[in-house]
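Have a look at the structure below, then the notes.
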Amino acid sequence: MAFSCTLSHPLFSKIRCVSVSASSRVAVAMSNDSVAMEEKSSKLKIPHVLSVAGSDSGGGAGIQADLKTCGARGVYCSTVITAVTAQNTIGVQGVNLVPEEFVAEQLRSVLSDMQVDVVKTGMLPSIGVVKVFCRILKEYKVQALVVDPVMASTSGDVLANSSILAGLWEELLPMADIVTPNLKEASALLGGVKLTTVADMHSAAKSIHDFGPRHVLVKGGDLPASLDAVDVLFDGINFHEFRASRIQTRNTHGTGCTLASCIAAELAKGSPMLQAVQVAKHYVETALNYSKDITIGSGPQGPFDHLLKLKHSFSSSSRQRGFSPDDLLLYAVTDSGMNKRWGRSIPDAVKAAIEGGATIIQLREKEADTREFVELAKASLEICRSHGVPLLINDRVDVALASDADGVHVGQSDMSPRVVRSLLGPDKIIGVSCKTPEQALQAWSDTADYIGSGGVFPTSTKANNKTIGLDGLKTVCLASKLPVVAIGGIGIGNAGSVMEIGVPNLKGVAVVSALFDRECVTTETRKLHSVLTDVLSTQASR
Ligand SMILES: Nc1ncnc2c1ncn2[C@@H]1O[C@H](COP(=O)(O)OP(=O)(O)OP(=O)(O)O)[C@@H](O)[C@H]1O
Ligand SMILES: Cc1ncc(CO)c(N)n1
Ligand SMILES: [Mg+2]
């Protein structure tokens, strides 16, 4: 017996039904015992999101965005397909609805068998699907429900008819822990009210909250003439604004789906709502920033790469694992003059620092000629690789490329980090020296991985270096979207005071003479390492 349905609503000119005949369906019988055994035997519970959404053939939104986002956030994602769309960077060419009965069957297949923590809805294309979804969800216990009230694609094409609004109001929104309308969707939910300012977003969030969702997040990706990308969250009592710099890019297709599925992923991992939204906002911003130069499709609205940052941290060409901000804890910067004075080679100095607990090494050789610098880098890299410690080269991108070092650290007058990124690729580590908040934001925009900020205290290691002090360091850290390592005149006596300025993204200290202008590098490094780890454990116990 074949299912088929016709939709007369004029909005559905492109929408056709997909027919699912009983014979074409392959019944997959799985004995409950084997499933039960499988679940009992496995101890590891992975956070689980069920995405109930439409398929986006272009791969940038809908189900595809949800799967990639959950993957990027380390969460398992199962799927219920509500529609299959033919769409690309130009728009939506066609939509085939999955019959309500088959949406119900997919829902039961997943919810009856798997421990779903959070359900996220995207495209629910008809009032019938909304009703089926609400009825079945009530039969199962999940932690949270995230509703992204998809009504139109970024290209403006309709993905759900206006009758769905009634379904949202009456049935779905009262069940939602959070609903995430964009400006058009918020306006539609409120009968077409104009929303053009942040203040309008506040009142819209409050009005939509009256329909019953516990939280409302009105997304401002399309806020006209706004320098920032602002979202407004209302929890029934307080408003919270989430601001990100507006990334100048055509690659914003699927940002809303991604934000909602990232919120669902963070909730599934146990985060409270406010933190989940914060993490999701940062994830979208980071993914957009990393993707702004990619080109997929010829239309006005391109997709972005949800996994670019992830690829960067699981590179095969350099170290076993990618960069982690924790690598910045004890950052040893070599100095050939000092090491010559103490009669040790650079590789010896590198080995001694690593044995003392250095977590990252930077070769800073202003005098060495290129051939010598490449040889030093290769010898040092062998030592670093054997200990799993990243090796960065100061300024010299050519030496980093020739030696396959793990990355480069550049100053404000060196090659732009964005050009360095284009030469080294997404797998390598790029650090930038920054004295001001503006420089810190620019470094993030240029896809750097961390910033070095200082000089914190006066230092003889670097001539004419303006010191910024602990206050200046704190100002830069608070503005930075990247992890920070402090540098300049830091040693055993003041490293504790640096780490205790109380900013979470200050991840460590970079030192030169405190290690290398001393008789025993390993001993000095050990002493500094214990100062730093004592500070970290005290902070962790607070
Ligand atoms: N150019 C941009 N730069 C930074 N953040 C952006 C940009 N565009 C959108 N965002 C952010 O992306 C998230 C999604 O908002 P948006 O208004 O794009 O949702 P949407 O229209 O539902 O997206 P889509 O329908 O394409 O999935 C919000 O956090 C928003 O602030
Ligand atoms: C299938 C699907 N869901 C959601 C969106 C929102 O952009 C889209 N474009 N396509
Ligand atoms: Mg959307």
Side-chain angles (χ1 to χ4, degrees), residues 14-15 51-67 69 79-98 120-125 146-160 179-188 195 198 201 217-224 226-233 240-263 277-292 299-304 306 444-445 481:
K14 292 184 190 127
I15 290 180
S51 165
V52 183
S55 163
D56 168 8
S57 55
I63 285 283
Q64 288 82 354
D66 297 348
L67 284 165
T69 300
T79 59
V80 168
I81 311 271
T82 60
V84 180
T85 70
Q87 64 180 293
N88 55 23
T89 61
I90 297 159
V92 179
Q93 291 77 38
V95 179
N96 268 8
L97 300 191
V98 174
K120 179 257 177 182
T121 65
M123 184 180 167
L124 301 176
V146 177
V147 172
D148 183 24
V150 172
M151 286 172 205
S153 169
T154 314
S155 60
D157 293 279
V158 174
L159 291 168
V179 62
T180 64
N182 60 26
L183 291 179
K184 289 193 194 89
E185 290 151 354
S187 170
L195 302 174
V198 175
M201 293 169 71
L217 180 67
V218 176
K219 302 172 294 187
D222 297 331
L223 195 63
S226 154
L227 276 181
D228 287 348
V230 189
D231 306 335
V232 174
L233 178 72
H240 305 269
E241 283 185 12
F242 296 88
R243 287 178 177 272
S245 35
R246 181 174 293 282
I247 313 284
Q248 297 307 318
T249 175
R250 73 185 263 275
N251 302 331
T252 58
H253 177 83
T255 47
C257 309
T258 302
L259 187 80
S261 49
C262 189
I263 291 170
V277 175
Q278 225 145 18
V279 168
K281 179 71 178 170
H282 182 68
Y283 171 66
V284 168
E285 196 190 5
T286 303
L288 286 179
N289 191 48
Y290 263 77
S291 304
K292 64 183 174 183
Q301 290 284 348
F304 56 94
H306 295 71
W444 172 82
S445 177
K481 296 176 188 290

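Note that ligands are numbered from 1 as they come in the structure, with each ligand's atoms numbered from 1 the same way.
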Report summary line: Between Leu259 and the options Val146, Leu217, Val277, the side chain to side chain contact (heavy atoms under 4.5 Å, CB included) test singles out Leu217

Query raised in the report: Do Arg246 and Leu227 come within less than 4.5 Å of each other through their side chains, counting heavy atoms only?
Result: no

Report summary line: Note: ligand 2 atoms sitting under 4.0 Å from heavy atoms of Gly54 are 1 (C)

Requested in this report: Before signing off on this row, confirm whether Gln87 and ligand 2 have an N or O atom pair separated by under 3.5 Å.
Outcome: yes

Report task. Using a 4.0 Å heavy-atom threshold (strictly under), name the region of Cys257 that reaches ligand 1: side chain, backbone, both or neither. Result -> both

Query raised in the report: Under 4.0 Å from any heavy atom of Lys219, which atoms of ligand 1 are there?
Result: 14 (C), 15 (O), 17 (O), 19 (O), 20 (P), 22 (O)

Query raised in the report: Can you find a non-hydrogen atom of Ala244 under 4.0 Å from ligand 1?
Result: no

Report task. Could you list the atoms of ligand 1 found under 4.0 angstrom from a heavy atom of Thr252? Result -> 1 (N), 26 (O)

Query raised in the report: Taking the side chain as C-beta and beyond, is there a heavy-atom pair between Thr89 and Arg250 under 4.5 Å?
Result: yes

Report task. Have a look at ligand 1 and work out which part of Val284, if any, has a heavy atom under 4.0 Å from it: side chain, backbone, both or neither. Result -> side chain

Query raised in the report: Hey, does Thr85 have a side-chain heavy atom less than 4.5 Å from the side chain of Ser55?
Result: no

Query raised in the report: Can any side-chain N or O of Thr82 pair as donor or acceptor with the backbone N or O of Ala53 at less than 3.5 Å?
Result: yes

Requested in this report: Give the contacting part of Thr255 toward ligand 1: side chain, backbone, both or neither, where contact means a heavy-atom distance below 4.0 Å.
Outcome: both

Query raised in the report: Between His306 and Tyr283, which heavy-atom pair has the shortest distance, and what is it?
Result: O-OH, 2.7 Å

Report task. For the residue pair Leu183 and Met201, establish whether any side-chain heavy-atom pair is separated by less than 4.5 Å. Result -> yes

Query raised in the report: Is there a nitrogen or oxygen of Asp148 sitting under 3.5 Å from a nitrogen or oxygen of ligand 1?
Result: no

Query raised in the report: Is the shortest heavy-atom distance from the side chain of Pro149 to the side chain of Val179 under 4.5 Å?
Result: yes

Query raised in the report: Has ligand 1 got any nitrogen or oxygen that is less than 3.5 angstrom from a nitrogen or oxygen of Lys281?
Result: yes

Report summary line: Atoms of ligand 2 under 4.0 Å from any heavy atom of Ser55, numbered from 1 in the order shown, are 1 (C)

Query raised in the report: Taking Ser291 for the side chain and Leu288 for the main chain, is one N or O donor matched with an acceptor at less than 3.5 Å?
Result: no

Report task. Just go through Leu223, Thr180, Asp231 and tell me whose heavy atom is the nearest to atom 30 (C) of ligand 1. Result -> Asp231

Query raised in the report: Looking just at side-chain N and O atoms, do Lys292 and Ser445 make a donor-acceptor pair shorter than 3.5 Å?
Result: yes

Requested in this report: Using heavy-atom distances, let me know which of Ala186, Pro303, Gly221 sits nearest atom 9 (C) of ligand 1.
Outcome: Gly221

Query - Sub-3.5 Å N/O-N/O distance, Val230 and ligand 1 - result: no

Query raised in the report: How about Ser57 and Asn88: do any of their side-chain heavy atoms sit closer than 4.5 Å?
Result: no

Query raised in the report: Does Gln248 approach ligand 1 within less than 4.0 angstrom via side chain, backbone, both or neither, non-hydrogen atoms only?
Result: neither

Report summary line: ligand 2 atoms nearer than 4.0 angstrom to some heavy atom of His253 are 9 (N)

Requested in this report: Check ligand 1 against Arg246 and write out every atom of the ligand that is under 4.0 Å from a heavy-atom position of the residue.
Outcome: 1 (N), 3 (N)

Query raised in the report: So do Val198 and Leu223 actually touch side chain to side chain, heavy atoms under 4.5 Å?
Result: yes

Report summary line: Logged contact type for Cys257 with ligand 2, heavy-atom cut-off 4.0 Å, is side chain

Report summary line: At under 4.0 Å between heavy atoms, what of Leu288 touches ligand 1? The answer is side chain

